[in-house]
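Below: the structure, in structure tokens.
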Amino acid sequence: MSESSKSPVKPPLIVLAIKTASSGFYNGFSKIVTIPAKVIVALIILWAIFFPEQAAEALEIANTNIIREFAGWYVYLVAFLMLVCFVLAVIPSTGSLRLGNADEKPEFSRFSWFAMLFGAGIGIGMLTYSTGEPLAHFANNPDIIRGMVDPVSAEAVRPAYIYTFLHWGFAAWATYALVGLAIGYVAYRRNLPLTIRSALAPLFGKAMSGAAGHVVDIVAVVATVLGVAVTMGLGVEQFVVGLNRLGLGDWLVGSEGTASAPAIIIALIVLVGASTLSALSGVGRGIKWLSNLNMGLSFLLITVFLIFGSGLLGLQLLGTGIYDYIVNLPGLALTLWSADGTTAGDALAQWQLDWSVFYWAWWIAFAPFVGMFIARVSRGRTIREYIFGVVLVPSLMCFVWMALVGGTAIDLELSGVAGGSILNAGISDQLFATLSVLFDPAAATLLSGLVVILLMTYLITSADSAILIINTINGAGEDEDEVERRHHILFWGAAIALVVGSMLILGGIDAIRITMIIGALPFSFVVALMAISVTKAVVYDLIRKKHGVWTTSDGAEAAILAESA
């Protein structure tokens, strides 16, 4: 009798069958996942285009009711995800387990791995919020609401960075890391399909092959589309505003300084068309080339702010901001403000809904895309290296961007040089406004052109990567080169463009934000189960090792060979 049969714990599941079509239009795809996901996204698009008033009214009702009801769920869920990541990383026995077989080496060098992590989830958000968020909290944050500091004052800068780092730090990257870990752990150790449902196999076993697994993957696809739509919406707004700054016509923006409907449509046709072509070329060509270009241009821009902006202030804000953030993180992560009828209480609750709850939902909606991407490039890493690498390095890069770029904008306002021109600009225009104050017109135009190019490449990279991840989920975890997916790439490219365009024209970026928060809600429950599932998988693997039971697919093959010998 084998050791496995004597053990109090069974070997892990190493086969999870997902039925896919063997011929026809959906060859290589799970029809029961792909078709419902397409129908749901198509209904959202048709609803927004043909019933705009009803859609706007429904979104407003959802914004005032559903989001408030689940605010606490989002806050405590993200705190739980951070805790799970920290515990798995610091415990020696769990942290030493590998995303792969015991002697497997990482597929990519550490430098290449960090470079891909940098491009995975920063990009467009950095360009929009590196000035927008510190400035927003400089004018209004919980400390200002409670009367502890005055708005737009030197005293407001330090708390502004606590809340900026709160939103762009460990919370975001722990969410991505957890999803990627749950997928990668079972995919690389147990040879399960690289898809969302596999992450729940340690909890539900072979049930993930059936209806429950189909629902999980459908929810993940819809969440990915809506999460990417927010990112694309922000990027398109800033891209159009940048073209206007470059003097390409006043028709690009409306009376409120936001992108006009014709500009949105043209920008989406160009950007999503290019991203679809890039997706058709595969990861090794379009996405890889664009990612390298993004990296180079990003470092060029941040170097400009370090040298010609308020570099010393930015470095000071970076140091104090990280210290304040770490000291205050436990309390802030568990703080939930509720409207209590007082002016300050209601304002604090609304601030948290507008900022923290929005971000937590955005990160959760974005997690299938970013988590899958991170899992794909992290094979062979130990859990400890994986979590610290995924959480710490990109968080630090976010902090550097916010401190140097946002610090320059705040310094220009505090010194009076900007005269309110940056603060009073729309969030999509604040980076361009900062450049126009900091440099003479010729240099500002040149650097604004650089930002527009960087936005374009990030937009294309985000869309084409999302399309390929969606098709990987729909294709039961198969790589994009292994199944025919050209027509499906075209569909999802058009779908993302139509979601972004219809929602921007319907109600601006707020309409996309609200839709995404609602769409992220079902996947948030999947993420909670993923955290429990990967914890169970890790703990049970430690028990299996103690009793001499194999824990990897290679171990299973070795055990079979030993028994047959």
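Given the structure is predicted, the values throughout are model-derived calculations rather than measurements. For this chain, numbers begin at 1 and follow the sequence in order.
- Under the ring pair (Phe, Tyr, Trp, His ring centres under 6.0 Å) criterion, F165 pairs with Y161, F399, sequence neighbours left out.
- With hydrogens and angles ignored, the 3.5 Å screen pairs a side-chain donor or acceptor of Y74 with a backbone N or O of L521.
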Show me the donor-acceptor pairs within less than 3.5 Å that the side chains of residues 28-40 make with the rest of the protein, sequence neighbours left out.
from	atom 1	to	atom 2	distance (Å)
T34	OG1	S30	O	2.9
K38	NZ	H488	ND1	2.9

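- A salt bridge links D541 and R190; the closest N-O separation between the charged side-chain nitrogens and carboxylate oxygens is under 4.0 Å.
- How far CZ of R197 is from CG of D217: 4.5 Å, rounded to the nearest 0.5 Å.
- In this pair, Y176 and W173 present their aromatic rings perpendicular. The plane angle is above 60°, beyond the 30 to 60° band.
- Rounding to the nearest 0.5 Å gives a distance of 6.5 Å between OG1 of T128 and CG of L455.
- Side-chain contact annotation: W168 with S395, donor-acceptor N/O pair under 3.5 Å absent.
- The existence of a salt bridge linking R98 and E104 is excluded, since no basic side-chain nitrogen approaches an acidic carboxylate oxygen closer than 4.0 Å.
- A distance below 6.0 Å separates the ring centres of Y359 and Y129.
- Between the side chain of R384 and the backbone N or O of A89, at least one donor-acceptor pair lies under 3.5 Å.
- Qualifying side-chain contact (heavy atoms from CB on, under 4.5 Å) partners for L301, counting only residues two or more places apart in sequence or in other chains: L127, F305, W401, L450, V451, L454.
- With sequence neighbours excluded, the residues that form a side chain to side chain donor-acceptor pair (under 3.5 Å) with S109 are S112.
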From CA spacing to verdict: side chain to side chain contact (heavy atoms under 4.5 Å, CB included), T195, I183:
CA-CA 7 Å; T195 189; I183 297 167; over 6 Å; no
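- Between the side chain of Y386 and the backbone N or O of L181, at least one donor-acceptor pair lies under 3.5 Å.
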If you apply the rule side chain to side chain contact (heavy atoms under 4.5 Å, CB included), what do you find for W492 with N474, and how did you get there?
CA-CA 11 Å; W492 289 112; N474 289 334; 3.5 Å; yes
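- The CD1 atom of I467 sits 8.0 Å away from the CG atom of N471 when rounded to the nearest 0.5 Å.
- Annotation for K536: atom NZ counts as buried by contact number, over 12 foreign heavy atoms lying within 6.0 Å.
- The side chain to side chain donor-acceptor pair (under 3.5 Å) contacts involving residues 88-97 comprise nothing, where partners must be two or more places apart or lie in separate chains.
- Put simply, OG on S209 and CG on L16 are 4.0 Å apart, with the number rounded to the nearest 0.5 Å.
- Taken from CD1 in I374 to CH2 in W113, the straight-line distance is 8.5 Å, to the nearest 0.5 Å.
- Side-chain atoms of Y325 do not come within 3.5 Å of backbone N or O of T164 as any donor-acceptor pair.
- Remark: S356 pairs with H167 by the side chain to side chain donor-acceptor pair (under 3.5 Å) rule, at least two apart or across chains.
- Judged by distance alone, with hydrogens and angles left aside, the side-chain atoms of S502 form no donor-acceptor pair with the main-chain N or O of I49 at under 3.5 Å.
- The closest donor-acceptor contact from the side chain of T472 to the backbone of L468 lies under 3.5 Å.
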